[in-house]
Q: 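So that we are looking at the same thing, I have put the structure below in structure tokens.
Source: prediction; values computed, not measured. Indexing begins at 1, ligand by ligand and atom by atom, following the structure's order.
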Amino acid sequence: MPVTPAQASTIYRQILDVIASVEPRIAAATAQELADQRASLKLIASENYASLPTLLTMGTWLSDKYAEGTIGHRFYAGCRNIDTVEAVAAEHAEALFGADHAYVQPHSGIDANLVAYWAILSQRVESPTLKRLEAKTVNDLSEADWEALRHEFNQQRVMGMSLDAGGHLTHGFRHNISGKMFQQKAYGTSADSGLVDYDALRATAKEFRPLIIVAGYSAYPRRINFAKMREIADEVGATLFVDMAHFAGLVAGKVFTGDENPVPFAHIVASTTHKSLRGPRGGFVLTSHEYADAVDHGCPMVLGGPLGHVMAAKAVAFAEARQPEFVTYAHQVAANAQALATGLTSRGLKLITGGTDNHLALIDVTDLGLTGRQAESALLDAGIVTNRNSIPRDPNGAWYTSGIRIGTPALTTRGFTESDFDEVADLIATVLKATSPTGTAKGASKAKYEIVDGVAAGVKARAAELLNANPLYPGLDLN
Ligand SMILES: *Cc1c(COP(=O)(O)O)cnc(C)c1O
């Protein structure tokens with residue numbers, strides 16, 4: 001164990017004392033957050049618990065350095081240690097995922113996606129204006145030149161999974177700049193099976209002729225065949241961009257192999273580091289050599305100066321993910337999702353696609369007469385943290401929704417196994433079956449609900465037993 005409980009307790013007590021000497025409210029909120037995390041049954045599919053070495057790595061003076069540019073080629077002096085940090089993080093990411101090139105500067109998943117979009121645009125979009133202007137310097141550009149440049153990079157086409165099938169805002173939807181940069185056409189899932197309909201996707205792609213096909217999701221409970229995705233992309237001359245933000249841990253942990261491993265098939269892969277991958281909050285991009293140079297222009301094209309302390313923590317988390325224990329963890333995440341899904345369906349709950357084969361599941365609460373909003377609130381009353389989510393062709397829209405998204409990475413990190421998740425399924429089913437919508441003076445409400453007396457408290461007590469048996473950061477004591 002790299003940090004003993006006694007060491008960790010001493011370190012964090014001292015850190016909190018130091019913080020408290022400047023701003024006690026921040027020390028108190030930091031301590032309270034640990035207590036809250038420990039006391040809740042966290043089923044948010046996008047969250048996890050980073051290791052103490054990963055967390056500790058973020059608290060240093062590496063944060064103080066400006067290092068715009070790339071390894072060995074910085075726009076600031078004195079970057080040799082940041083060079084080391086970035087190179088080690090990239091080396092681990094390349095080895096972990098078997099990629100030609102890793103770019104570890106992105107500050108978040110959205111930023112990683114912007115880097116990928118920029119790289120694809122700069123590689124793929126022919127710019128006659130740029131060609132014509134090659135000999136000129138920036139200062140020589142006329143207003144008309146700038147106008148032409150803007151147009152040439154505008155109005156490219158992208159296809160991404162529809163939001164209600166589980167896609168992400170950054171895949172060309174409004175409320176995100178990708179929806180303003182690109183003309184977008186969504187692909188959905190089959191109404192019968194709930195699975196990605198590759199034939200329909202191919203037909204749409206042939207008609208729409210996108211520059212980019214995005215594969216990836218935040219709420220789709222199944223695996224994607226990336227070999228098939230690449231085949232379709234090749235047929236229509238599109239770049240295959242895989243956003244593995246959610247499932248990077250399952251790729252790193254070798255649950256997704258063969259056609260389900262995006263790295264050999266995608267032109268570009270972008271990801272977060274903090275979801276199933278269990279690293280610090282951040283992002284990264286993997287590419288073949290073809291896009292490496294374009295990706296390395298992420299800063300300053302769409303990113304500010306890299307966060308040295310976070311890149312250092314990414315290196316630590318990637319190094320951890322290369323250990324055999326991570327493979328065990330990732331397979332447990334998937335096995336736990338199976339147990340959770342089976343536990344829910346055997347208790348009569350309905351899941352989108354009937355189950356899961358990744359780390360998440362989507363409960364359809366329409367048959368219970370509830371909205372996602374009511375179900376989410378009722379579960380929270382019982383100490384179960386989930387989030388409401390649209391389901392395909394959702395009758396309640398994107399705000400109230402009809403689904404509850406749940407995932408297993410965080411509780412798996414705490415040590416939960418299949419039998420624990422069967423109990424979790426029972427807790428969820430117990431709460432949802434005891435919940436009913438209540439009306440307002442004006443009629444039915446999509447937000448108000450009531451739970452049969454005593455059920456929430458009973459479930460909370462049973463959840464506490466599970467949580468106590470699987471402690472978060474075991475032995476870490478702040479008092
Ligand atoms: C979470 C997520 C993102 C965004 O990650 P942030 O770090 O929150 O910016 C992007 N794409 C997908 C598919 C995601 O699930």
Q: List ligand 1 atoms under 4.0 Å from K275, heavy atoms only on the residue side.
A: 1 (C), 2 (C), 3 (C), 14 (C), 15 (O)
Q: When you compare the side chains of T170 and H168, does any donor N or O come within less than 3.5 Å of an acceptor on the partner?
A: yes
Q: Is the distance between the ring centroids of F226 and F256 less than 6.0 Å?
A: no
Q: Checking a contact table here: which protein heavy atom is nearest atom 7 (O) of ligand 1, and how many Å away?
A: G109 N, 2.8 Å
Q: Look only at interatomic distance and state if T272 has a nitrogen or oxygen under 3.5 Å from any nitrogen or oxygen of ligand 1.
A: no
Q: Are D199 and K228 ion-paired here, with the side-chain N under 4.0 Å from a carboxylate O?
A: no
Q: Any atoms of ligand 1 less than 4.0 Å from a non-hydrogen atom of D243? List them with their elements.
A: 10 (C), 11 (N), 12 (C), 13 (C)
Q: Quick check on K446: does its NZ atom have over 12 non-hydrogen neighbours (other residues, nucleotides or ligands) under 6.0 Å away?
A: yes
Q: Is there side-chain contact between Y220 and L362, with at least one heavy-atom pair below 4.5 Å?
A: no
Q: Does ligand 1 have any atom sitting under 4.0 Å from a heavy atom of R281?
A: no
Q: Quick check on contacts: which atoms of ligand 1 are under 4.0 angstrom from a heavy atom of H274?
A: 7 (O)
Q: Look at atom 9 (O) of ligand 1 and say whether a protein heavy atom is found at less than 4.0 angstrom from it.
A: yes
Q: Do Y217 and F247 have their ring centres less than 6.0 Å from each other?
A: yes
Q: Indicate, with yes or no, if the rings of F284 and F97 have centres closer together than 6.0 Å.
A: yes
Q: For ligand 1, which atoms have a heavy atom of Y217 less than 4.0 angstrom away?
A: 13 (C)
Q: Taking R74 first and then D83, would you say they form a salt bridge - that is, a charged N and a carboxylate O separated by under 4.0 Å?
A: yes
Q: With respect to A245, determine whether any N or O atom, backbone or side chain, lies less than 3.5 Å from an N or O atom of ligand 1.
A: no
Q: I'd like to check whether I110 has a polar contact with ligand 1, where a contact means an N/O of the residue lying under 3.5 Å from an N/O of the ligand.
A: yes
Q: Quick one: which ligand 1 atoms are inside 4.0 Å of a heavy atom on S218?
A: 12 (C), 13 (C), 14 (C), 15 (O)
